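Report on one structure; see the data block that follows.
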Protein chains: 2
Amino acid sequence: MAILRAKWYIGKHTNTCYSMKIPVGIVDDHQLFLKSLSLMLKSFKVYDVVVEALNGKELQEKIELCPVQPSIMLLDVNMPVMNGIETAKWLSNKYPQMKLVALSMNDNDMVIIDMIKAGCCAYLLKETHPDELEKALQEIHMKGYYNADTSNVNFRRLLQSEKESIQITEKEKAFLQYACSDLTYKEIAALMFLSERTIDGYRETLFAKLKVQSRVGLALEAIKRGLVTL
Amino acid sequence: MAILRAKWYIGKHTNTCYSMKIPVGIVDDHQLFLKSLSLMLKSFKVYDVVVEALNGKELQEKIELCPVQPSIMLLDVNMPVMNGIETAKWLSNKYPQMKLVALSMNDNDMVIIDMIKAGCCAYLLKETHPDELEKALQEIHMKGYYNADTSNVNFRRLLQSEKESIQITEKEKAFLQYACSDLTYKEIAALMFLSERTIDGYRETLFAKLKVQSRVGLALEAIKRGLVTL
DNA sequence: TTTCAATACGGGAAATTTCCCGGGGTAGCT
DNA sequence: AGCTACCCCGGGAAATTTCCCGTATTGAAA
């Protein structure tokens with residue numbers, strides 16, 4: 001593949017050939033981070049940021065108009081409107097050959113499991129050093145994946161929890177959102193047009209799924225896993 | 001003041017005079033953001049990043065060894081080890097002439113009030129556009145402050161809540177940390193070597209201070225205000 | 001047609017949270 | 001000495017949460 005080898009060739013001709021650079025995309029809701037990361041990638045010389053978006057929805061619109069399809073897409077996990085998981089699913093379905101890289105804030109963020117499942121070939125923390133990002137991108141482009149063994153997240157824990165990966169329905173997610181508030185269950189029931197018993201049922205199943213025994217634990221776990229928007 | 005005027009002069013001589021650039025510092029625990037923001041500031045041509053640190057503690061060590069004292073310091077709010085508020089307090093005490101700029105993730109982050117009180121002359125969201133950052137830095141350097149009227153955070157709300165600004169003691173903060181967990185109050189009481197009544201008292205005063213009526217609300221509010229580390 | 005999963009609902013009781021009432025003490029400030 | 005702020009503790013009762021016991025409907029799968 002031409003592009004693949006082009007990377008090494010380019011080093012000496014950085015300004016000669018635009019299309020030879022590896023096209024990448026970035027999706028992150030923090031514009032300051034988005035733009036400066038874009039700048040950093042460009043400073044690596046071999047990458048060309050062809051699309052930037054603040055969330056998955058915006059990406060969907062922008063990627064169509066993109067002259068060069070990105071071969072690597074950097075995806076933030078926590079985003080409003082359309083988050084990382086949904087975006088990853090959409091991308092890996094529509095652009096299966098595209099390499100997806102998850103960018104997360106904290107390593108105890110359980111959603112990275114879902115990101116891998118949604119088609120990401122790597123996950124990186126925002127705490128990582130730029131050198132590692134460069135190394136990671138290089139490896140992803142060459143090998144198709146990157147395993148950050150130096151990262152504080154280890155794969156074993158991931159694969160281990162892969163089995164016990166949980167499924168949360170839309171209704172449950174809606175309830176979770178209400179549960180993460182100062183409301184009582186009675187008030188939540190009224191807001192959802194459901195009986196208190198039904199709410200009780202949702203609570204119980206979610207307690208089991210998230211392995212907690214109180215509503216506080218439930219709310220905190222939901223936040224940690226990015227199931228709700230604070 | 002020489003440096004103040006130098007800014008306009010420099011534009012055409014970017015590489016000639018190092019010390020004429022405005023020296024800035026950045027503190028942020030996300031290394032990727034730290035480094036790329038640094039890169040971006042440098043790309044603005046008139047700024048020179050003289051110190052970078054991952055948290056307040058690291059800054060304390062690095063700033064001593066710094067050849068040129070930064071005149072503007074960009075401070076992330078949420079950091080491990082030593083957070084933005086503590087760092088701002090320390091800086092505004094030790095380097096009173098230094099301009100402090102708070103960098104926050106979300107605008108409902110109540111801690112920005114505390115950041116202003118701790119001596120910051122501006123607050124910026126990470127969602128802001130680079131252009132606004134540049135404009136803000138320019139204004140801060142010239143006028144000494146920046147009021148982001150275009151930002152979604154408005155000053156009125158800040159000044160309004162300034163009065164009703166709350167004080168949280170160390171003990172209360174310790175309790176809050178325990179309250180943000182799956183533990184019952186009885187278990188928390190045991191862990192803190194206190195009576196359940198005492199815990200009950202802390203709960204009550206914190207309910208009043210944070211204006212909530214349930215433990216879930218308390219936990220969520222504590223997280224929003226950055227009073228606890230998740 | 002049966003079985004199964006998902007969804008919605010109800011009564012009752014135990015545990016916990018929440019909210020009253022009350023009582024101490026120390027430390028610093030004026 | 002009074003005042004204020006912080007810290008510590010107890011009894012009792014109402015409200016809410018948590019956990020049992022169930023039933024019923026629906027639609028999809030076997």
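So that the names make sense, note that chain A is the first sequence line, chain B the second, and so on, each numbered from 1. Predicted model, so just to flag it, every value in this text is computed and none were measured.
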Next on the checklist: Please determine whether a side-chain nitrogen of the Lys or Arg among K135(B) and E139(B) lies less than 4.0 Å from a carboxylate oxygen of the Asp or Glu.
Outcome noted: no
Checklist entry - Hey, mind stepping through R225(B) and L210(B) against side-chain contact (heavy atoms from CB on, under 4.5 Å) and telling me if it holds? => result CA-CA 10 Å; R225(B) 302 196 188 211; L210(B) 299 190; 3.7 Å; yes
Checklist entry - Taking C-beta and beyond as the side chain, do L125(A) and M105(A) meet within less than 4.5 Å on heavy atoms? => result no
Item to check | Nucleotide dA5(D), atom P - distance to NZ of K209(B) in whole Å | outcome: 11 Å
Checklist entry - What is the distance, rounded to the nearest whole Å, between atom CZ of R197(B) and atom C1' of dG12(D)? => result 9 Å
Item to check | Atom-pair distance (CD1 on I188(B); C1' on dT16(C)), nearest Å | outcome: 12 Å
Item to check | Distance, rounded to the nearest Å, where F207(A) contributes CZ and dC20(D) contributes P | outcome: 12 Å
Checklist entry - Mapping Y185(A) and F193(B) onto DNA chain D by nearest heavy atom, which one lands closer to the 5' end? => result F193(B)
Checklist entry - Tell me: OH of Y202(B) to C1' of dT18(C), nearest whole Å? => result 19 Å
Checklist entry - Does T198(A) have a side-chain nitrogen or oxygen under 4.0 Å from the phosphate oxygens OP1 or OP2 of dT7(C)? => result no
Checklist outcome for this item: Nearest-nucleotide check on DNA chain D, Q213(A) vs S195(B); residue mapping nearer the 5' end is S195(B)
Checklist entry - Any sub-3.5 Å donor-acceptor pair from K173(B)'s side-chain atoms to L227(B)'s backbone N or O? => result no
Next on the checklist: I'd like to know if D200(B) reaches the base of dC9(D) with its side chain, counting only an N/O donor and acceptor under 3.5 Å.
Outcome noted: no
Checklist entry - D182(A) CG to dT18(C) C1': how many Å, rounded? => result 12 Å
Checklist entry - CD of E204(A) versus P of dG10(C): gap in Å, rounded? => result 16 Å
Item to check | Candidates dT18(D), dT18(C), dT16(C) - which lies nearest the side chain of R215(A) | outcome: dT18(D)
Checklist outcome for this item: To the nearest angstrom, the NZ-C1' distance between K171(B) and dA5(D) comes to 15 Å
